[in-house]
There are 2 protein chains.
Amino acid sequence: MARINANYRKLSAGYLFSEIGRRVALFRQENPGVKVHHLGIGNTTEPLTPAVIAGLRDGVDRLATIDSYRGYGDEQGEEELRAGLVRFYRRRGITLHLDELFISDGAKPDAGNIQSIFSSDSVVAFQDPAYPVYVDSNVIAGRSGSYNNNRGDYAGFVYMVCNEENGFIPDPPQDKVDLIYLCSPNNPTGAVATHKQLKKFVEYARKCKAVIIFDASYSEFIADPQLPRSIYEVESAEECAIEINSFSKFAGFTGVRLGWSVVPKALTAEEGEPGELHRFWLRRQTTFFNGASNIAQCGGIAVLSDQGLKESAELIGYYMENARVIRDGLLVTGLNIYSGVNAPYLWLKTPGGLTSWDFFDKLLHEANVVGTPGSGFGPSGEGYFRLSAFGHRENIEEAVSSVKKNLRL
Amino acid sequence: MARINANYRKLSAGYLFSEIGRRVALFRQENPGVKVHHLGIGNTTEPLTPAVIAGLRDGVDRLATIDSYRGYGDEQGEEELRAGLVRFYRRRGITLHLDELFISDGAKPDAGNIQSIFSSDSVVAFQDPAYPVYVDSNVIAGRSGSYNNNRGDYAGFVYMVCNEENGFIPDPPQDKVDLIYLCSPNNPTGAVATHKQLKKFVEYARKCKAVIIFDASYSEFIADPQLPRSIYEVESAEECAIEINSFSKFAGFTGVRLGWSVVPKALTAEEGEPGELHRFWLRRQTTFFNGASNIAQCGGIAVLSDQGLKESAELIGYYMENARVIRDGLLVTGLNIYSGVNAPYLWLKTPGGLTSWDFFDKLLHEANVVGTPGSGFGPSGEGYFRLSAFGHRENIEEAVSSVKKNLRL
């Protein structure tokens, strides 16, 4: 008799964005004709840049003639794309080898799947709040106890609280853990770890032989040149850290699906077996995955060209100008905003001690603006709220005007 | 201290195709200038058809302008694509609902990931020989004991032997199992289950409340109109079967990455919970996956148009003519060939009682033709060999000539 993976039943009800969708739909139904402004999901809205479009067209054209046609590509991704990434890292002073890079269909699958190469009884630490995929994938893999509805956390997980006091970047855990998920710039808080803060984690991981899973998906949004864009900017991180990154946001590629992971050969889990994690991640990817779309990979190669990088920087500039518009507009209302300078997300404190969902409803009903409740990202997100800078400028400006005019603070 | 998922260490050494690559490289080194003919991997070689190229170009063009740009798509895949698949099934008399279809980046990921929604102590049955992903994904998930090097099998798995006596389609297992993987047309044997044979499995599964995972990736290669192309042609299969399929082979899409799974809402695992498997597969896909490339999905929509289907049928006709050339050519040599009429693979018995790998070496050294040892697909594949019909016609013809002329039988 087929039985279900009962870990799925442990997952706290529904995905955050389904509940948002439900409340927005209800609002629309009750308020026909009212324009709703979306500052919610982190989805790109602007067209891809000319260099990238040309790369994607080339990817399609190659499939149209017998001489240029290719079926399955290299198992770790096209060599030209990986070589482009090696150069991309080298410009930051980081040396990676071609076969330490694994091209994927995005950071979300990598962030979800990477846990599967580790023991199922691993003790896992997460930033709190964090991108829900880290926690959910580990619940499904059976590493948690049950969900506590009152506290909003899972038994058995280690939550590294991010709050005003620590500038939303936590210290390493007090106790020994096996795996640590770090995301910088963090989604949802937009907080970026300094070199010194990352170094503490690398030292912790090397001491405890823990592995850091570093999600750098938003690294290209970092404006401050002093802030690290890769964990490998910290000395010896290649011995204890995996890095995940994506073309989704920095090239506006969200639906095209392209990302990469770095699993260094120097990375060690148990004693005496360097290279095993690298080999098992290769085995994982070649067993459960068959490469990112060859068309998307041609687009990725174009992103990493000089012209592609220049255009992507302009695209990022557009979204970061949105962030500035939101930030400047809302600061004058007296709202507490903690980010939006080095990340496309703005993290704010709900006014008057409102819960995240109460502020969601207030913002929707008074200003007709949709954001994302911080509590959806973990228990320490309660009382906070995320706004996203992805959107057309005029919509962003309208949303900000509406908040300034209509939100009763 | 981070520890590895030790199940990876149970996996039998190396991937089949790595060992083939190693032997071919060695042969080339020792025999410079000798042309090697590839009838090995199931990779497409012919360019995509005009309708599909137009669809993919449209997919790229949509990303180039502000009005047509979209980021992430619908979580189960573009509705237009799923609607196309609903029509595709309806033409075979099968009624599916839009939300029972899950668009993916190919059959391999679905075949590997589907096990994760089931209990980790499930007893699993496989056709032997079979596509290695079914077995490997279940080893990694911890459902097997250790690998027996002499027998070539894993403790704890149920192997359903496919041999000459049963026409390479087995009966359901004698004992109760929880999950059954079936692939028809089978890779590697090319054998296709009849309606009566599938019915036996459906009856078994309904009786034991087992779930069948039916891989129909090669269904479009079935020429005989009497043979079922979908498990859902069997009455009540929607209560006990998941189906996986792909655009890879039938539209020549191998590197573009597009496939789909069907998880019916009527599918039941444990008693009293219909719909739960459907819901958990959705949760799995929305947690670990972020949709197939939107460009590939535009290509898939084009494949399912009237013109796209017509052109795909011609492309399949090309590969099946290759299969005929191989089959007819090799039959006159006296080799025993069991398939190649309803599948792009030809399964043959090694002559003179040779092992699969010995025949691999013989074929490579005498005729300079690369095929795939049957033993790489499971213990019952020993003494058999797979040839693939994917290739340019002239190469296929050269390979066949070389076998006829040079293979010493």
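So you know, we letter chains A, B, ... as the sequences are listed, proteins then strands, and number each from 1.
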query = Strictly by modelled atom types, are A:Y72 and A:N294 linked by a side-chain donor-acceptor pair under 3.5 Å?
reply =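 No pair is found: no donor N or O on one side chain lies under 3.5 Å from an acceptor on the other.
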inquiry  = Is a donor from one side chain sitting under 3.5 angstrom from an acceptor on the other, for A:T254 and A:N43?
reply    = yes
Which residue out of [options] racks up the most heavy-atom pairs below 4.5 Å with chain A?
options: B:L179, B:N113, B:V211; answer: B:N113
options: B:P50, B:G291, B:G142, B:A111; answer: B:G291
options: B:L63, B:V52, B:L56, B:I295; answer: B:L63
options: B:A210, B:G252, B:G71; answer: B:G71
options: B:G73, B:A296, B:S137; answer: B:S137
options: B:N7, B:T45, B:L277; answer: B:T45

Under 4.5 Å heavy-atom distance to chain B, tell me which part of [X] shows up: side chain, backbone, both or neither.
X: A:S68; answer: neither
X: A:I66; answer: both
X: A:A64; answer: both
X: A:A205; answer: neither
X: A:R284; answer: both
X: A:R9; answer: both
X: A:V177; answer: backbone
X: A:Q297; answer: neither
X: A:T65; answer: backbone
X: A:N290; answer: both

request  = Tell me, with the steps shown, if B:Y69 and A:T44 meet side-chain hydrogen bond (donor to acceptor under 3.5 Å, both in side chains).
outcome  = CA-CA 9 Å; B:Y69 181 82; A:T44 51; 2.6 Å; yes
So, [X] side chain and [Y] main chain: donor-acceptor pair closer than 3.5 Å or not?
X: B:D178; Y: A:M1; value: yes
X: A:Q76; Y: A:D99; value: yes
X: B:D105; Y: B:L258; value: no

request  = State which residues pass ring-ring contact (aromatic ring centres under 6.0 Å, His included) with B:F280; sequence neighbours excluded, sorted by chain then number.
outcome  =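 Counting only residues at least two positions away or on another chain, B:F280 forms a ring-ring contact (aromatic ring centres under 6.0 Å, His included) with A:Y8.
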request  = Could you please spell out the steps behind the side chain to side chain contact (heavy atoms under 4.5 Å, CB included) verdict for A:S293 and A:R257?
outcome  = CA-CA 8 Å; A:S293 176; A:R257 311 306 309 135; over 6 Å; no
Check: [Y] and [X] side chains under 4.5 Å, non-hydrogen atoms:
X: B:N5; Y: A:F118; value: no
X: A:L48; Y: A:L315; value: no
X: A:I117; Y: A:E276; value: no

Can we say [X] and [Y] salt-bridge, meaning some charged N sits less than 4.0 Å from an Asp/Glu carboxylate O?
X: A:D121; Y: B:R3; value: yes
X: B:E78; Y: B:R70; value: yes
X: A:D61; Y: B:R57; value: yes

request  = Go through the steps to decide whether B:D136 and A:R283 satisfy the test salt bridge (Lys or Arg N to Asp or Glu O under 4.0 Å), and finish with yes or no.
outcome  = CA-CA 10 Å; B:D136 290 357; A:R283 192 63 152 89; 3.3 Å; yes
inquiry  = With a 4.5 angstrom heavy-atom cut-off, is it the side chain or the backbone of B:I140 that approaches chain A, or both, or neither?
reply    =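 Only the side chain of B:I140 comes within 4.5 Å of chain A.
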task = Mind ranking A:I53, A:D110, A:D67 by heavy-atom pairs under 4.5 Å with chain B and telling me who comes out on top?
result =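 Most heavy-atom pairs under 4.5 Å with chain B: A:I53.
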key: Selection from A:G106, A:A292, A:A107, A:S116 maximising heavy-atom pairs under 4.5 Å formed with chain B   =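 Of the options given, most contacts go to A:S116.
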key: Neighbourhood of chain B inside residues 388-395 of chain A, taking heavy atoms under 4.5 Å as contact   =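 Under the 4.5 Å heavy-atom cut-off, A:H392 qualify.
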